[in-house]
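Each remark here refers to the structure printed beneath this line.
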Amino acid sequence: MESCSRADLELGSLLGEGSLGKVYRTRDKRTNEEYAVKVLEKRYILQQQKQASVVQERRLLSALNHPNIVQLYSSFQDDRFLYFVLELAKGGDLGDQIKRVGRLPYELAQFYAAEVVKVLEYLREKQIAHRDLKPENLLIGDNGHLKLIDFDGAKCFAPALQGPPSSSSSRSSSSRETGQASPGQPRSGDSSMTSSPVVPSRRPPAVRKPRSRANTWVGTAQYVSPEMLEDNDIASYPSDLWALGCILYQMLAGCPPFKAETEFLTFQRICRCDIAFPNDMPAVARDLVSQLLVVDPQRRLGSKDMDRLKSHPFFDGVEFDTLPAQTPPKIE
Ligand code: ATP
């Protein structure tokens, strides 16, 4: 996509809403191509002190290039809003798909789990932990393949992808910015998006009931790992493996493994790793879930070596290298 401005886009229906803004279906008037545009209101970003996460999301999306990660084509701003022009995923999200059909067919669950493994492998190479992996953040693209979104809570360990130190903080900007920044090199003039540290410096206390997303805790109750409940700052790649275990369980059982009446009870179940498997969940899937949902992050399958995860018998028959070219199994 060429660099673009607000005037080039015709905003259509609302696709979804996040804590800082809204995502619309949109059309580039110049080419007629369709995109999703995420419109973030600067006022809310400042109110919620989310400058760092917004800057980080843009920086990471600019740097990442994977068939299962939504692509950022352009970003720009005006006086009130920041705009991220993204690849459009028209098929809704995995959470909705599971709700619609109850449980996914085994082959489709296997296919999607394999795609998530490939994304996690790629993110590990880039030294990024997503930390909010959940069915609602896995969109379904045109061709039925998964597209991961929402990198504002991610943790990046690669110095080249981290932002400048916070000391140069500057919040005012009315300049218009078009095009896409190179990884780690936000553009000059884009001052409201360049200044904060990637990882929040304030540590949440080691309490069992975590803070809400509006503060420093990232993640979503059902998929949050025990170590994230303990101390969000230590959460890293294995937290994504925990979330994968939860998602796999949900695809096959129809509900997340630690579902309880309240968030607090959910957290208690997570800390105890209190899971009950439906009788009809195949043993090989149960085994994989059990090896991912392990309280000690270092003992989760794949925490040291993703190849061990890929060679679990649950993935027998899966050709990981050609997944993007394969047609996902259909829901009958
Ligand atoms: P959060 O508060 O969870 O951080 P956010 O402000 O970062 O949210 P997103 O999670 O990126 O916003 O997007 C909000 C919703 O918009 C998503 O749940 C999804 O329904 C929709 N959405 C986001 N990106 C796309 C896309 N590329 N194509 C289609 N729909 C999208």
Side-chain angles (χ1 to χ4, degrees), residues 1 4 9 11-28 33-62 64-75 77 80-100 119 128-155 180 193 196 198 200 210-224 228 232 235 240 243 247:
M1 181 192 210
C4 82
L9 301 178
L11 262 53
S13 56
L14 183 70
L15 289 165
E17 234 172 298
S19 51
L20 298 173
K22 296 180 176 174
V23 180
Y24 298 91
R25 198 166 174 142
T26 192
R27 185 178 67 84
D28 184 337
E33 290 286 328
E34 281 199 300
Y35 298 95
V37 64
K38 185 162 165 174
V39 183
L40 303 165
E41 188 155 10
K42 289 181 183 178
R43 196 162 47 108
Y44 291 137
I45 298 172
L46 294 174
Q47 267 169 12
Q48 296 182 39
Q49 299 182 19
K50 289 285 188 172
Q51 301 95 306
S53 27
V54 171
V55 171
Q56 154 160 296
E57 177 156 53
R58 189 188 69 153
R59 184 182 303 115
L60 296 186
L61 283 176
S62 299
L64 298 175
N65 181 10
H66 189 275
N68 300 114
I69 296 177
V70 88
Q71 210 179 324
L72 174 69
Y73 292 110
S74 177
S75 60
Q77 61 181 300
R80 276 185 64 193
F81 299 104
L82 307 177
Y83 301 85
F84 291 177
V85 184
L86 301 159
E87 173 183 4
L88 173 65
K90 291 183 189 161
D93 67 53
L94 181 59
D96 285 337
Q97 190 175 102
I98 298 171
K99 270 186 221 134
R100 214 168 33 240
V119 176
I128 295 167
H130 184 277
R131 306 197 312 161
D132 196 11
L133 189 62
K134 57 181 176 178
E136 289 71 23
N137 281 340
L138 289 162
L139 303 187
I140 298 169
D142 269 354
N143 49 16
H145 291 265
L146 294 181
K147 302 275 178 187
L148 179 61
I149 57 165
D150 205 357
F151 282 78
D152 57 12
K155 192 163 179 177
Q180 194 170 317
M193 298 179 70
S196 307
V198 168
R211 296 171 178 218
S212 73
R213 263 208 99 161
N215 292 308
T216 53
W217 179 64
V218 298
T220 302
Q222 299 295 338
Y223 310 93
V224 76
M228 289 182 93
N232 187 50
D240 292 338
I247 294 168

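In each ligand, atom 1 is the first atom listed, and ligand 1 is the first ligand listed.
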Report summary line: Going by the 4.0 angstrom heavy-atom rule, the piece of A36 near ligand 1 is side chain

Report task. Answer yes or no: is there a donor N or O on one side and an acceptor on the other, between the side chain of Q56 and the main chain of A154, under 3.5 Å? Result -> yes

Query raised in the report: Against heavy atoms of I149, which atoms of ligand 1 measure under 4.0 Å?
Result: 10 (O), 17 (C), 23 (C)

**Report entry** D132, any N or O under 3.5 Å of ligand 1 N or O
**Finding:** no

**Report entry** Donor-acceptor under 3.5 Å (D240 side chain, R131 main chain)
**Finding:** yes

Report summary line: For V70, the atoms of ligand 1 under 4.0 Å from one of its heavy atoms are 27 (N)

Query raised in the report: Does the K38 side chain pair with the main chain of Y24, one donor and one acceptor, at a distance under 3.5 Å?
Result: no

Query raised in the report: Is N137 reaching over with its side chain to a backbone N or O of D132, donor-acceptor style, under 3.5 angstrom?
Result: yes

Query raised in the report: Does the distance from a Lys or Arg side-chain N to an Asp or Glu carboxylate O, for E41 and R43, drop under 4.0 Å?
Result: yes

Report task. May I ask you to list the atoms of ligand 1 that are less than 4.0 angstrom from any heavy atom of E87? Result -> 26 (C), 27 (N), 28 (N)

Report summary line: Short version for R25: what comes under 4.0 Å of ligand 1, heavy atoms counted, is neither

Query - Donor-acceptor under 3.5 Å (H130 side chain, I149 main chain) - result: yes

Report task. Going by heavy-atom distance to atom 6 (O) of ligand 1, choose the closest among G18, A89, S53. Result -> G18

Query raised in the report: Between L64 and F151, is any pair of side-chain heavy atoms under 4.5 Å apart?
Result: yes

Query raised in the report: Do any nitrogen or oxygen atoms of D150 come within less than 3.5 Å of a nitrogen or oxygen of ligand 1?
Result: yes

Query raised in the report: Is the closest heavy atom of D93 to ligand 1 under 4.0 Å?
Result: no

Report summary line: For D152, the atoms of ligand 1 under 4.0 Å from one of its heavy atoms are 4 (O), 7 (O)

Report task. May I ask which of D96, L15, L20, V23 has a heavy atom nearer to atom 23 (C) of ligand 1 than the others do? Result -> V23

Query raised in the report: Does the side chain of K90 come within less than 4.5 Å of R25's, by heavy atoms?
Result: yes

